[in-house]
There are 2 protein chains.
Amino acid sequence: MFSLSEENYLKAIFHLERKYAGGVSTNALAEEMETKASSVTDMVKKLSDKDLVKYRKYQGVQLSEQGKRTAIEVIRKHRLWEVFLVEKLNFSWDEVHDIAEQLEHIKSEKLTDELDKFLGHPKRDPHGDPIPDAEGNFRISNKMLLADLEEGQSGICVGVKDSSTEFLRYLDKNEITLGKAIKIVQREEYDESLLIKINDKDLRISKTISKNLFIKPND
Amino acid sequence: MFSLSEENYLKAIFHLERKYAGGVSTNALAEEMETKASSVTDMVKKLSDKDLVKYRKYQGVQLSEQGKRTAIEVIRKHRLWEVFLVEKLNFSWDEVHDIAEQLEHIKSEKLTDELDKFLGHPKRDPHGDPIPDAEGNFRISNKMLLADLEEGQSGICVGVKDSSTEFLRYLDKNEITLGKAIKIVQREEYDESLLIKINDKDLRISKTISKNLFIKPND
DNA sequence: AATAAGATTTAGACTAGGCTAAATATTGTT
DNA sequence: AACAATATTTAGCCTAGTCTAAATCTTATT
Ligand SMILES: [Mn+2]
Ligand SMILES: [Mn+2]
Ligand SMILES: [Mn+2]
Ligand SMILES: [Mn+2]
């Protein structure tokens, strides 16, 4: 059984490994964990002693098989609790992340599996992120950032990269929700803003927005 | 916001105050918390600095108003989560306590209140203990220990004093569940065992059992 | 009223998880 | 190849919460 802090580090390393496959640097991890590089070095040594990560001084860190399994288990719990809060307790999608940050550390395999069953084995959390099953299997979907689509392309809004309250409230305000069809009407190269069609209306969105919205492109 | 450890101390003091109204002693608290007296002294000083308890050296400790409010809030959460686990996730009453010990420390007033609503504002947890409402109001019922009833008296089984898995499984095995009618057929003075009628059958139970079962006597 | 037993507090130490400042390694640029 | 900038680690310190052993207070018994 691992501590809350250890679990949070493993989760952060897991997420950063997408971007830094060859090893997650101390500074990258420090930024993600909102802590100092020296604290990261200390913790990474502890994780290494427990064989949760592979660590070579100055060379960054990578999850071991056990570390990866643990990280995925925490992510599974986080996302299941988010679904619970939204589906059963009337929370909106911008309110659930911080509470899930607490609930993801509750230790009981039976609780996790019963919760999963109670929720009907959901495949995605309220922000469109996939929920690993009890064996830790993810299904990865072919999603792209809206910012990377071409003029004229269209697709379905399937997820958000930034789960902050602020961003989610912006989306709510503009009636951008998961499942909606989106088409790129025009790209403005100067500021990289986009004119999109959604809800049968034209809407101009900035680069900041398009870089944080995942789209499953049509065809 | 208080730490997990502080919350557990407050809860323990709250429970012990029933028994030791004039002040909870360091040793009593140490036993309840399964820790050492010296650790209790340290923590009690911290709680006192935060005005959660009134503490006079060598004289024991009492909850302040704020301490009491906090303790009741934790107990409310503990019992609501126990109801959730039993009612919604198919847990049995002997499996929920340890998980509720974790869940009771999740910090979100909205979560607690939405959970309460979702469960239909339950009045008692799976062990018959009353659940405080959002304002911290308990309803106390006139329950007695089965051991304190007289020969010939009867009543309804309404709660357990010991919530351990072992005791609850003993009750399950003997089909003693909350809501059942119980009558004392005969008291054996030698070993203080009781012959009771329950489920239309006679059953002999030891003093250990009768001292841990709450009955609401008839009339 | 004195004293012994028991309860409680204090002193000093330890671990987990942080931080700052200083030292050292790596890397990019001349 | 040398040097400067940047990244990383180390050293030393801090707090929360725990422990053991020693000191001190309270209480029960003579
Ligand atoms: Mn989240
Ligand atoms: Mn977390
Ligand atoms: Mn309980
Ligand atoms: Mn607890």
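By convention in this document, chain letters (A, B, ...) are assigned in the order of the sequence lines, proteins followed by strands, and residues within each chain are numbered from 1. The structure presented is a predicted model; accordingly, all values stated were derived computationally and were not measured.
Heavy atoms only, all atoms of each residue included: B:Phe14 and B:Ile72 are closest at CE1-CG1, 3.7 Å. Closest approach of B:Asp94 to B:Thr165, counting heavy atoms only: O-OG1, 3.0 Å.
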Extract from the structure each pairing of a protein N or O with an N or O of nucleotides 22-28 of chain D at less than 3.5 Å, listing the distance.
from: D:dC25; atom 1: O4'; to: B:Tyr58; atom 2: OH; distance (Å): 3.3

Polar atom pairs (N or O), protein with nucleotides 3-6 of chain C, under 3.5 Å:
none

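Remark: P of C:dA16 and CG of A:Leu52 are 14 Å apart, rounded to the nearest angstrom. Regarding B:Leu29, its CG atom lies at a distance of 15 Å from the C1' atom of C:dT9, rounded to whole Å. Put simply, CD on B:Glu31 is 12 Å from P on C:dT8, counting in whole angstrom units. When the P atom of C:dA16 is taken as reference, atom CE of A:Met1 falls 17 Å away, rounded to whole Å. The separation between A:Lys50 atom NZ and C:dT15 atom P is 13 Å, rounded to whole Å.
Because its NZ or CZ atom is both nearer than 6.0 Å to the ring centre of A:Phe214 and within 45° of the ring axis, A:Lys143 counts as a cation-pi partner of that residue.
The aromatic rings of A:Trp81 and B:Phe84 are tilted relative to each other, their planes meeting at an angle between 30° and 60°.
In this structure B:Tyr9 satisfies the ring-ring contact (aromatic ring centres under 6.0 Å, His included) test with no other residue, sequence neighbours excluded.
Residues B:Arg204 and B:Gln186 bring a donor and an acceptor atom of their side chains to less than 3.5 Å of each other. The closest side-chain donor-acceptor pair between A:His97 and A:His78 falls under 3.5 angstrom.
For A:Tyr55, no side-chain nitrogen or oxygen approaches OP1 or OP2 of D:dT8 to under 4.0 Å. Close to C:dT8, at under 4.0 Å from its OP1 or OP2, lies a side-chain N or O of B:Asn27.
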Inset, instruction - Heavy atoms under 4.0 Å is the rule here; annotate nucleotides 12-19 of chain D 5' to 3' with B where the base is hit, S where only the sugar-phosphate is, and - elsewhere. - result: ----SBBB

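At a threshold of 4.0 angstrom between heavy atoms, the contacts of A:Thr26 are confined to the sugar-phosphate backbone, with no base atom among them.
Evaluation of the salt bridge (Lys or Arg N to Asp or Glu O under 4.0 Å) test over residues 114-141 of chain B, restricted to residues two or more places apart or in two chains, returns B:Arg76-B:Asp116, B:Arg79-B:Asp125, B:Glu114-B:Lys117.
Looking at A:Lys107 and A:Glu7, a side-chain N of the basic residue comes within less than 4.0 Å of a carboxylate O on the acidic one, giving a salt bridge.
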Only pairs under 3.5 Å count here: list side-chain donor-acceptor contacts from residues 25-54 of chain A, not counting sequence neighbours, and write none if there are none.
from: A:Ser25; atom 1: OG; to: A:Ala28; atom 2: N; distance (Å): 3.1
from: A:Thr41; atom 1: OG1; to: A:Ala37; atom 2: O; distance (Å): 3.2
from: A:Lys50; atom 1: NZ; to: A:Glu6; atom 2: OE2; distance (Å): 2.6

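Atom NZ of B:Lys110 has more than 12 heavy atoms from other residues, nucleotides or ligands within 6.0 Å.
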